[in-house]
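Notes to accompany the following structure.
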Amino acid sequence: MSQVTVTLPDGSNRAVPAGTAVRDIAESISPRLAKAALAGIVDGRLVDLAFVLEQDAAVRIVTPDHPEALKLCRHSAAHLLAAAVTSLFSGVQCGIGPPTDEGFFYDFVVPRPFVPEDLDAIEAKMRELASEDLVYERQMWPREEAKAFFAGRGEPLKVQLIDEKTEGQHEVSCYTIKDKDTFIDFCVGPHVPTTGKLKAFKLLTTSNAYWKGDARNQPMQRVYGTAFLSDKELKAYLAQVEEAKKRDHRKLGRELGLFTFHQWAPGAAFWLDNGTTLYNTLANYMREVLFPAGYVEVKTPLVFNKDLWETSGHWSHYRENMFLVESTDGEAMGMKAMNCPGHMLVFGSTVRSYRDLPLRLHEQTPLHRNEASGVLSGLTRVRQFSQDDAHCFVTQGQIEDEVERLLGLVQRVYGDFGLSYTAKLSTRPAEFLGDVATWDSAEAQLKAALQRSGQAYTINEGDGAFYGPKIDFDVTDAIGRKWQCATIQLDYQMPQRFGLKYVGADNAEHLPIVIHRAIYGSFERFIAILIEHYAGAFPLWLAPVQVMVLPIADRHLAYAASVRSQVQAASLRVQLDERQEKIGYKIREAQLQKIPYMLVVGDREIADATVAVRTRKGGDQGSKPLADFVGAARGEVASRAVDLVPSHENASV
RNA sequence: GCCGGCGUAGCUCAGUGGUAGAGCAGCUGAUUCGUAAUCAGCAGGUCGUCCGUUCAACCCGGAUCGCCGGCUCCA
């Protein structure tokens, strides 16, 4: 029998007979390794433990601590799910069942939609199959035979998949889970060796999906689940989900009196007093950032004649997302869904010189988008919102500098909120307007700006808008979730559509380029992110109520009122709790409202002209002169100190 | 928009084919208190809305609105 040489990760070689399985290599290294083994990597390719070595190869054994292991186990869990579903229900067709970032799902065509009780039954069946430690076996089927098999079993979707994915192949790869009813699925694998390796999994939810994600196709039922390599990790994940629930901005928004919704204004928030304070604080902060950076603020109309939207191109491409209204003359009007067309008119309202550029127009007025009812969700997806929008009109040669300035702004703003972020550059898509040379130049300038500012970025090839390349930013919140917020988009088309021009140094007319840019994205969505990021415990500079004065008894009211006035005079947002309640009760309420500072005042404080400072985070800090407190608090506001609630702490109480 | 689930007091939730409850919040009174809930009393809902079945509907059926989870889309 011929021998093959196996090279292990430590560089050592060993000769084994050709036909040796990866599993046997693991066994020969150590029984413990064999027991932990989930798969192998042969010459860089992930394979089953049953994979047979026919030639010299570099072999690595994949154990649970390998980066590929998680995906592998989730993929196998998806198969286990499909096996359970086909065993429990008749007339089921399987679609696809991939691993995802958070777990896995599998789509099925079923006679009736799943209900929550079905999930329990399916999960129980999965546990049963897992406990039987059934083998995942890879089988190579002749292609036509496989197609005939799936066709005969009433699974046309699988036949379609085989047709699309294995054109020109003679054999296709299938996996079985041999139960009393053998489950067979078309799949390239690899998989864990047996179902017994899957211990830490949980089904989460069912939902509707469509074959290939296209609503014109057959509706299917999707079952979501998650799986981990250890119970500990699964528990940690579920705890993380719980933590996210506690931080849910919809819940905190109500509890903290920030905003509310009413069914008569779906997708439009009512900002309550506390929320309005927060909103305004963010709006003014943005002005504070943008004005020194050379921006001017404008306000443009909310309703425009259809001609505006026809000129911008939105009438033909975006009309179904706009709220349309009619004037008394029967004139068709549309509520603005974005500011750019209005800003084009501002630019064109007077003669512009190259000396005026860059011209940076900032606007915070509300926008309306008639979003599909099913997509509305809290503050993250609404029909009325405002952006921290701006359009920078620049010359072709100013792009790089302007983008570099923008990158600096993004860094500064996210830094002030304690948010980390990543950037991605999206380049020319397959369908684009304009000429390639202009695109290349624009992309080169964006890259140069990114490099000059030291901003790390990834490239999304071909993901740019049809009118220009862009840089998008994802922020990561305190519990690790990513949100797309800021964007910087180059646009050559809009200025052209509006016939914009500026007079150059050469006394000739030139076309300006516009940079659409936003840092928050929208106030609504950004506030939602901040609420969840801070778990409702806003840093002092953002807290709607910064200080609560708590008198111990009625006789302390006058002193408390004087404390309040002095704190108020220092431009801090302060309230006085003058209810006839015990101090513990008032403290509890202020604590639940996540108010950063409580000032307790009683006989001792009156005698010493002090306040007893209590922080929401650290409890009683002892007494100090009011002026000392005010000075420190003002300093904390000015520095915009960030005070994050760690994700492992109970965020709600 | 599509699929599924849900809609009972301000909030969190019980509940039954014979016109509804609890806790918290609210109000009133008493209590004047030192760092996360003082006590007592009172009040509060045409059970999302409309239509139907029924002697009788919060409960059954249909429609509609909204919310939630997904799909698609997106700031």
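Chain letters run A, B, ... following the sequence lines, proteins first, then strands; residues in each count from 1. For the numbers below, each heavy atom of this structure counts, side chains included, while hydrogens, waters and symmetry mates do not.
- Across G34(B), C73(B), A36(B), the shortest atom-to-atom separation from the side chain of Leu592(A) is found for A36(B).
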Atom pairs under 3.5 Å: protein N/O with N/O of nucleotides 10-14 of chain B:
| unit_1 | atom_1 | unit_2 | atom_2 | d |
| --- | --- | --- | --- | --- |
| U12(B) | OP1 | Arg254(A) | NH2 | 3.1 |

Dot-bracket encoding per residue of RNA chain B, Watson-Crick/G-U cut-off under 3.5 Å, | denoting interstrand: (((((((..((((....[..)))).(((((.......))))).....(((((..]....))))))))))))....

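- Counting any heavy atom pair closer than 4.0 Å across all strands shown, Leu367(A) reaches no nucleic acid atom.
- Qualifying side-chain contact (heavy atoms from CB on, under 4.5 Å) partners for Glu461(A), counting only residues two or more places apart in sequence or in other chains: Thr427(A), Ile459(A).
- To the nearest whole angstrom, the two C1' atoms, one in A36(B) and one in A43(B), are 28 Å apart.
- For Asp273(A), there are no side-chain contact (heavy atoms from CB on, under 4.5 Å) partners at least two apart in sequence or on another chain.
- With C71(B), A75(B), G69(B) as the choices, the nucleotide that has an atom nearest any side-chain atom of Thr205(A) turns out to be G69(B).
- The NZ atom of Lys245(A) sits 14 Å away from the P atom of C68(B) (whole-angstrom rounding).
- Between the side chain of Arg525(A) and the base of A75(B), no donor-acceptor pair of N or O atoms lies under 3.5 Å.
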Contact state string [nucleotides 39-45 of chain B, B base, S sugar-phosphate only, - no protein heavy atom under 4.0 Å]: -------

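- Within the 4.0 Å cut-off from OP1 or OP2 of G1(B), at least one side-chain nitrogen or oxygen of Ser373(A) is found.
- Judged by distance alone with a 3.5 Å cut-off, no donor-acceptor contact links the side chain of Gln591(A) to the base of A37(B).
- Rounded to an integer number of Å, the gap from Asp474(A) CG to C74(B) C1' is 13 Å.
- Here the shortest heavy-atom pairing between Gln384(A) and Ala268(A) reads CB-CB, 4.1 Å.
- Of all heavy-atom pairs spanning Leu234(A) and Thr226(A), the tightest one is CD1-CG2, 3.7 Å.
- Salt bridge annotation for Arg579(A)-Glu589(A): present, with a cationic side-chain nitrogen under 4.0 angstrom from a carboxylate oxygen.
- Looking at residues two or more places apart in sequence or on another chain, you find a side chain to side chain donor-acceptor pair (under 3.5 Å) between Lys158(A) and Tyr106(A), Asp185(A).
- If you check every strand for non-hydrogen atoms under 4.0 Å, Asp603(A) touches a base.
- At whole-Å resolution of the value, NZ in Lys617(A) and C1' in U35(B) are 19 Å apart.
- Spacing between atom CD of Glu578(A) and atom P of C33(B) amounts to 18 Å, rounded to whole angstrom units.
- For the C1' atom pair drawn from G26(B) and G45(B), the interatomic distance equals 15 Å after rounding to whole Å.
- Heavy-atom nearest nucleotides on RNA chain B were determined for Leu379(A) and for Asp248(A), and the one closer to the 5' end corresponds to Asp248(A).
- Cation-pi geometry between Arg222(A) and Phe105(A) is satisfied (NZ or CZ under 6.0 Å from the ring centre, within 45° of the ring normal).
- Residues meeting the side-chain contact (heavy atoms from CB on, under 4.5 Å) test with Ser562(A), sequence neighbours left out: Gln566(A).
- Comparing U35(B), A75(B), G1(B) against the side chain of Ala372(A) picks out G1(B) as the nearest.
- Under a 4.0 Å N-O distance rule, the pair Glu242(A)/Lys245(A) qualifies as a salt bridge.
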Per-nucleotide protein contact string for nucleotides 25-32 of chain B, where B marks a base within reach and S marks sugar-phosphate only (heavy atoms under 4.0 Å, - for neither): SS----BB

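- For the C1' atoms, the distance from C2(B) to A57(B) is 31 Å, rounded to whole Å.
- Backbone-only contact: Tyr224(A) has heavy atoms under 4.0 Å from sugar-phosphate atoms and none from a base.
- For residues 543-558 of chain A, the set of pairs meeting the side-chain hydrogen bond (donor to acceptor under 3.5 Å, both in side chains) definition, not counting sequence neighbours, comprises Arg555(A)-Asp603(A), His556(A)-Asp603(A).
- Scored by the ring-ring contact (aromatic ring centres under 6.0 Å, His included) test, Trp315(A) finds no partners at all (sequence neighbours excluded).
- Rounded to an integer number of Å, the gap from Trp264(A) CH2 to U49(B) P is 11 Å.
- For Pro156(A), the side-chain contact (heavy atoms from CB on, under 4.5 Å) partners two or more places apart in sequence, or in a different chain, are Gln93(A).
- Partners of His516(A) by side chain to side chain donor-acceptor pair (under 3.5 Å), not counting sequence neighbours, listed by chain and number: His391(A), Asp491(A).
- Map His262(A) and Gly584(A) each onto its nearest nucleotide of RNA chain B; the residue landing nearer the 5' end is Gly584(A).
- In the interface, the side chain of Glu320(A) is not paired with the base of G1(B) through any donor and acceptor atom under 3.5 Å apart.
- For a distance-only test at 3.5 Å, the side chain of Arg369(A) fails to qualify as a donor-acceptor partner of the base of C74(B).
- Distance, Gln484(A) CD to A75(B) P: 7 Å, rounded to whole Å.
- Taking all atoms of both residues into account, the shortest heavy-atom contact from Ala269(A) to Leu379(A) is CB-CD2, 3.8 Å.
- When distances run from any side-chain atom of Arg604(A) to the nucleotides A75(B), A36(B), G34(B), the shortest one goes to G34(B).
- Across the C1' atoms, C47(B) and C13(B) are found 13 Å apart, a figure rounded to whole Å.
- In this structure, Glu578(A) does not pair ionically with Arg564(A), as no charged nitrogen and carboxylate oxygen lie closer than 4.0 Å.
- Between Asn370(A) atom CG and U72(B) atom C1' the separation is 16 Å, expressed in whole Å.
- Between Tyr279(A) and Phe259(A), the distance separating the two ring centers is not shorter than 6.0 angstrom.
- The side chain of Arg250(A) places an N or O atom within less than 4.0 Å of a non-bridging phosphate oxygen (OP1 or OP2) of G69(B).
- A gap of 16 Å separates the P atoms of A14(B) and C60(B), to the nearest Å.
- As rounded to whole Å, 14 Å separates atom C1' of A75(B) from atom NE2 of His516(A).
- Of the candidates G48(B), A36(B), G34(B), G34(B) carries the atom nearest the Val600(A) side chain, counting heavy atoms from C-beta on.
- Heavy atoms of Ala590(A) sit nowhere under 4.0 angstrom from any nucleic acid atom.
- Atom name P, nucleotides G23(B) and U19(B): the rounded distance is 23 Å, in whole Å.
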